[in-house]
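Data first, discussion second: the structure below is written as structure tokens.
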Amino acid sequence: MDASGETMSLFKRFREEVLGSIQALQAEGRLPAGVDTARVTVEPPREASHGDMTTNAAMVLASPAGMKPRDLAGLIKIRLEEVGAIREIEIAGPGFINMRLDGSVWHEELAEILRTGTAYGDSDGGKGEVVNVEFVSANPTGPLHVGHGRGAVVGDALASLLAKAGYKVSREYYVNDAGAQVEKLAYAAYWRYLEALGDDVAPDVIDGFLHDTDLEYRGDYLVPVGERLAREHGTDLVGQAVDDWLPAVRAVVVDAMMDLVREDLSALGVEFDCFTSERQLVDDGKVDDALAFLEERGLVYTGVLDPPKGKVPEDWESRPQTLFRATEFGDDVDRPLKKSDGSWTYFSPDIAYHRDKFERGFKLMINVWGADHGGYVKRMQAAVKAMTDGEGDLDVKVCRLVNLLDGGKPVKMSKRAGTFVTLSEVIDQVGKDVVRFIMLTRTNDKTLDFDFAKVTEKTRDNPVFYVQYAHARARSVMRHAAEIISPADLTPEALATATLDRLTDSAELDLIRGMANWPRLVETAAEAHEPHRVAYYLNDLAAQFHALWNKGNDDASLRFIREDDLPLSAARLALVQGMATVIASGLKVFGVMPVEEMR
RNA sequence: GCGCCCGUAGCUCAGUUGGAUAGAGCAGCGGACUUCUAAUCCGCAGGUCCCAGGUUCGAAUCCUGGCGGGCGCACCA
């Protein structure tokens with residue numbers, strides 16, 4: 001326990017021991033005071049034969065101490081030998097200090113896992129700092145597609161991961177309800193409205209409307225919106241000037257589309273804390289405020305941009321524009337804030353939006369964007385730096401494409417041909433938990449193959465199945481155990497008090513070592529903003545468990561349930577339940593339910 | 001042309017943010033089912049970590065320059 005009463009993770013605890021020995025050496029004058037220990041790590045060695053824990057302290061501090069790494073390691077070793085939990089210390093290679101721990105350390109850690117439940121791995125590393133995770137933020141122009149789904153899952157899992165790591169997280173969705181796309185959407189809704197009125201509208205009115213507008217968003221999903229407009233407005237909007245019907249139609253259609261989006265998100269199990277409307281920002285004058293802020297700092301000017309080299313647009317013409325000095329903050333060129341007609345580019349409200357986030361208290365901001373927005377990262381980061389006088393920090397996770405496959409063959413998709421696969425269709429077909437897990441099996445910046453055949457397969461190379469199977473197997477063991485052991489003795493609390501020192505087999509202790517890595521993984525993955533690491537961790541832990549299970553197949557004395565030795569059984573069941581708990585803890589980050597059985 | 005991302009076993013990818021002899025799965029070969037679900041496991045084989053320099057005790061990882069692939073590039077979000 002540390003001063004705050006929180007339980008300190010195992011590796012942190014031993015890092016404290018290492019730092020303590022360094023301080024002792026400083027007190028003795030054998031090490032200069034004030035050396036920076038920030039780079040000192042205590043972690044499991046890559047090679048298990050090197051021990052349970054290793055520290056780089058001697059190598060990192062050798063140069064500032066003016067000593068050879070191995071000599072310094074020798075001094076630290078003498079100190080560490082006084083720590084009871086350390087059974088053996090070895091200096092190896094260039095100056096690693098390898099430690100073997102007493103078995104009791106692992107037994108206690110297992111008890112700790114059982115007592116803590118899925119909260120195991122919770123950390124205070126984030127120190128309660130608030131962080132804003134903005135994701136999806138799809139234009140409200142239709143149902144979500146699979147690419148949005150990836151962003152939704154990555155953002156949601158990242159938010160959960162950060163929360164677990166001790167950050168105070170807000171999940172946010174930015175509603176682009178003010179741009180040209182929404183206007184086009186309103187036109188399409190108006191067309192559906194005219195259609196819905198049927199005989200009340202002369203056919204040539206509809207033909208004329210279609211003839212005058214280059215209509216997008218012709219999908220069926222706007223039909224109900226047209227009907228709703230017809231119900232609410234009758235024929236009132238027919239024949240009116242665009243400016244008269246547009247605001248009303250736009251409001252209704254955006255509302256309907258956001259309902260659609262929310263429905264898709266809820267099918268995926270994603271919930272937001274906050275929806276911010278672009279239109280609201282505009283109406284509140286926040287865009288003007290933001291630009292005024294930049295102007296005060298001399299970051300806005302009227303200038304002429306060079307055409308992009310190598311690829312000059314057909315209709316390129318040199319003209320003066322209102323520009324933001326993005327180059328002062330690391331961008332490649334200054335960026336336009338206004339279009340040639342004087343209206344804002346999408347960039348201006350976006351700047352205002354990020355300023356708004358900052359003013360709401362978020363210094364740390366993470367945006368999850370689609371692949372097509374990769375080119376806007378630098379300018380947005382530049383804008384954040386400018387708007388916050390360098391205090392704000394924006395990280396952008398760009399999600400690469402999702403390839404939909406079926407048995408290795410691409411699923412052909414065409415909006416025109418109506419064979420476009422939506423997110424909700426995919427969820428209907430394989431279930432939300434499968435979608436969520438698979439979306440997290442790759443780094444966000446690599447394309448991801450989503451193979452319908454593979455993700456539902458019950459084989460080793462389907463990570464969803466493999467991880468869930470480990471959990472289900474563990475739960476199956478517990479069910480069997482209940483036949484010979486009283487259920488009261490099988491609760492996690494009861495198992496935590498079992499004679500855990502009966503766990504002596506190396507594979508058993510290895511499994512606890514694997515479980516003890518979970519808190520470290522949470523911290524490093526959260527720090528790196530990389531939720532996919534959890535998927536690999538879970539896969540590894542599941543593999544360890546499946547291996548242990550099969551040892552019981554080869555050697556009956558290693559089975560979890562031994563009717564001839566109930567205390568040993570209890571200890572092993574504690575191990576099994578602990579493993580299931582850690583799996584459940586990881587799946588919780590992903591928003592995936594652990595299953596009790598596979599059938 | 002410029003910017004961003006990627007390049008690791010035949011294939012798909014990890015790699016604990018600079019650590020020790022670079023790891024998994026699939027595919028290939030050889031083994032383990034009177035079971036707590038063998039839907040799994042064990043073993044073998046498989047590598048110029050794209051190339052060339054640099055930084056240092058130490059580089060797949062950081063820097064520079066190339067090569068190859070993807071995406072983006074005023075007035076769409």
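Lettering follows sequence order; numbering is per chain, from 1.
Here A20(B) is the nucleotide among C42(B), A20(B), C76(B) with the atom lying nearest to any side-chain atom of Thr54(A). The side chain of Arg39(A) approaches G58(B) more closely than any other nucleotide in the set C36(B), U8(B), G58(B). You'll find that the side chain of Lys339(A) is closest to C75(B), out of U17(B), U37(B), C75(B). Nearest nucleotide to the Glu530(A) side chain, out of U40(B), C42(B), G15(B): G15(B). Distances from the side chain of Lys446(A) to the nucleotides U17(B), C13(B), C42(B) place C13(B) closest. Ranking A20(B), A39(B), U17(B) by closeness to the Phe96(A) side chain, first place goes to A20(B). Closest to the side chain of Asn56(A), out of G19(B), A14(B), C36(B), is G19(B). Considering only side-chain atoms of Arg46(A), the nucleotide from A14(B), U37(B), A60(B) that sits closest is A60(B).
The distance between atom CZ of Arg442(A) and atom C1' of G15(B), rounded to the nearest whole Å, is 14 Å. In this entry the distance linking CG of Asp332(A) with P of G3(B) reads 7 Å, nearest Å. Atom CG in Leu511(A) sits roughly 15 Å away from atom C1' in C41(B) (whole-Å rounding). Atom CZ in Arg475(A) sits about 19 Å away from atom C1' in A39(B), given to the nearest Å. In this entry the distance linking CZ of Arg70(A) with P of G19(B) reads 19 Å, nearest Å. Atom NZ in Lys551(A) sits about 17 Å away from atom C1' in C36(B), given to the nearest Å. If you measure from atom CZ of Phe465(A) to atom P of G25(B), you get 15 Å, rounded to the nearest angstrom. For Glu523(A) and U16(B), the CD to P distance is 16 Å, given to the nearest whole Å.
Taking atom P in both C26(B) and G43(B), the straight-line distance is 13 Å, to the nearest Å. The gap from the P atom of C4(B) to that of C41(B) amounts to 42 Å, rounded to the nearest Å. Distance check on atom P: G18(B) versus C63(B) gives 10 Å, rounded to whole Å. When the C1' atom is compared between G15(B) and G53(B), the two are found 25 Å apart, to the nearest whole Å. Rounded to whole Å, the P atom of G54(B) lies 13 Å from the corresponding atom of G58(B).
The residue among Val60(A) and Lys378(A) whose nearest nucleotide of RNA chain B is located toward the 5' end is Lys378(A). Toward the 5′ end of RNA chain B lies the nearest nucleotide of Asp540(A), the other residue of the pair Asp540(A) and Pro336(A) mapping further downstream.
Counting only N and O atoms by type, the side chains of Gln181(A) and Tyr217(A) include a donor and acceptor under 3.5 Å apart. Under the 3.5 Å distance criterion, with hydrogens and angles disregarded, no donor-acceptor pair is assigned to the side chains of His373(A) and Asn367(A). No side-chain donor-acceptor contact under 3.5 Å links Asn176(A) and Tyr346(A). Donor-acceptor pairing under 3.5 Å is recorded for the side chains of Lys164(A) and Ser585(A).
Tyr536(A) does not qualify as a stacking partner of the A24(B) base, lacking a centre-to-centre distance under 5.5 Å together with planes within 30°. Stacking of the aromatic ring of His50(A) onto the base of A20(B) is found: the ring centres lie under 5.5 Å apart and the planes are inclined by under 30°.
Looking at Arg520(A), its side chain comes within 3.5 Å of the base of U16(B) through a donor and an acceptor atom. A donor N or O paired with an acceptor N or O is not found under 3.5 Å between the base of U16(B) and the side-chain atoms of Arg533(A). You won't find any donor-acceptor pair under 3.5 Å spanning the side chain of Asn462(A) and the base of A39(B), going by distance alone. Side-chain atoms of Ser340(A) stay outside donor-acceptor range of the base of A74(B), with no qualifying N/O pair under 3.5 Å. Applying the 3.5 Å distance criterion, the base of A74(B) shares a donor-acceptor pair with the side chain of Arg319(A).
When both distances must be under 3.5 Å, the Watson-Crick or G-U wobble mate of C71(B) is G3(B). When both distances must be under 3.5 Å, the Watson-Crick or G-U wobble mate of U61(B) does not exist. When both distances must be under 3.5 Å, the Watson-Crick or G-U wobble mate of C49(B) does not exist.
Counting only distance, with no hydrogens or angles, the side chain of Ser137(A) and the backbone of Tyr173(A) share no donor-acceptor pair below 3.5 Å.
Applying side chain to side chain contact (heavy atoms under 4.5 Å, CB included) to Asp334(A) and the options Leu323(A), Val300(A), Leu299(A) leaves one that passes, Leu323(A).
For the atom pair CG (Asp461(A)) and OG1 (Thr459(A)), the distance works out to 4.0 Å, reported to the nearest 0.5 Å.
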